[in-house]
Amino acid sequence: MKNVVITGSTRGLGLCMAREFLKLGCNVTVSGRDKNSFKYAEKELSEFSGSILYVPCDVTIKENLEELWKAAADKWGRVDIWINNAGRNCPYEFVYDTDTDSVDSVIDTNLRGMVYGSQVAAKNMLAQGSGQIWNMEGLGSDGMIQEKTVLYGTTKQALTYFTKGLAKELRGKPVLAGRLSPGMMLTDFFTGAHSGQASPAVREERFRKIFNILGDRPETVAAFFAPRILANTRNDAHIVWLTNARASLRFATAAFRKRKLL
């Protein structure tokens, strides 16, 4: 039985991954920025209550991440898998129009939080003798530049560089570091389920067309990720959902297989 910690796991892909790990018999520590964020997760995961620990954690504060590790380790005895999933998107606008608070929020969460989480996990996993650290990629990780998401893409490309570097520094040690590439997912950012306002991107016909071809629901991606993470034995692993082959097949069959997510 593996013990898993997932940051930013009270909704979206993080919550779906928590569910998949629980279904596979793991103990899971679910975390969010504040206690109020747990209400939805507790309802969704109620059938697994005995295998879940809920811990508030603001990933931009390193002490919070250290407390998250301690709470999980105290509860389960050790942490086998740590997933830095917490992330924040930028306003859908040109980067030169983006306000300072949004810039700080995206960089602090996507970069500072991921680096702090990796540091905390690596240090403690080296001390316990084993473990896996996974960081969540996103638009921009492969170097593709998309207007009006430049800030977000910048943080994700930096995340990829950092994780490859971390894996290199862990080479020959009992701790593994890897990346998860989820592709395009139908999340709250697009639907406005939590904010009450959908992203302006969904109003662009070209975006909607491409998203309906390549996009997926987080439940689908989570079901793909969880068993592969548990089976992984390789450092610098890269688990990719939307591979080039899958994307090419989607485009080739788009005329015959109508998919409507947006």
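In what follows, residues are counted from 1 in the order of the sequence shown. Owing to the predicted nature of the structure, the values given are computational and were not obtained by experimental measurement.
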query = Does NZ or CZ of Arg19 lie under 6.0 Å from the centre of the six-membered ring of Phe21, at an angle within 45° of the ring axis?
reply =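 Geometry flag: not set, cation outside 6.0 Å or 45°.
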task = May I ask you to decide whether Lys23 forms a salt bridge with Glu20, counting only side-chain N to carboxylate O separations under 4.0 Å?
result =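 Yes, this pair counts.
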task = May I ask you to say whether Arg88 pairs ionically with Asp104, meaning some side-chain N is under 4.0 Å from a carboxylate O?
result =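 Not counted as a salt bridge, because no side-chain N and carboxylate O are separated by less than 4.0 Å.
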query = For residues Gln132 and Asp80, is any side-chain donor paired with an opposing acceptor at under 3.5 Å?
reply = no
inquiry  = Regarding Asp108 and Ser105, do their side chains bring together a donor and an acceptor under 3.5 Å, going by distance alone?
reply    =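 Looking only at side-chain atoms, Ser105 and Asp108 do not form any donor-acceptor pair under 3.5 Å.
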query = Is there side-chain contact between Thr243 and Arg246, with at least one heavy-atom pair below 4.5 Å?
reply = yes
key: Residue pair Thr29 / Val4, side-chain heavy-atom distance below 4.5 Å   = no
ask   = According to the interplanar angle, ranging from 0 to 90°, do the rings of Tyr54 and Phe38 count as parallel (below 30°), tilted (30 to 60°) or perpendicular (above 60°)?
value = tilted
query = Which is it for Asp236 and Arg234 under the salt bridge (Lys or Arg N to Asp or Glu O under 4.0 Å) test, yes or no, and what are the steps along the way?
reply = CA-CA 6 Å; Asp236 200 22; Arg234 186 168 64 88; 5.9 Å; no
ask   = Do any N or O atoms from the side chain of Thr155 and from the backbone of Asn110 form a donor-acceptor pair under 3.5 angstrom?
value =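 No, because the side chain of Thr155 does not come within donor-acceptor range (under 3.5 Å) of the backbone of Asn110.
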ask   = Backbone N or O of Ala167 within a donor-acceptor pair of the Arg171 side chain at under 3.5 Å?
value = no
message = Does Thr7 form a side chain to side chain donor-acceptor pair (under 3.5 Å) with Asn85? I'd like the steps, not just the answer.
response = CA-CA 5 Å; Thr7 68; Asn85 172 71; 5.7 Å; no
query = Between atom OG1 of Thr10 and atom CG of Leu15, what is the distance when rounded to the nearest 0.5 Å?
reply = 7.5 Å
Kindly write out the residues that satisfy ring pair (Phe, Tyr, Trp, His ring centres under 6.0 Å) with [X], not counting sequence neighbours, or none if the list is empty.
{"X": "Tyr161", "value": "none"}
{"X": "Phe162", "value": "none"}
{"X": "Phe94", "value": "Tyr96"}
{"X": "Trp76", "value": "none"}

message = Please enumerate all residues that pass side-chain contact (heavy atoms from CB on, under 4.5 Å) together with Asp142, with sequence neighbours excluded.
response = Met144
task = Could you note down all residue pairs passing salt bridge (charged side-chain N to carboxylate O under 4.0 Å, His left out) where residues 117-139 supplies at least one of them, sequence neighbours left out?
result =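 Qualifying pairs, neighbours excluded: Glu137-Arg179.
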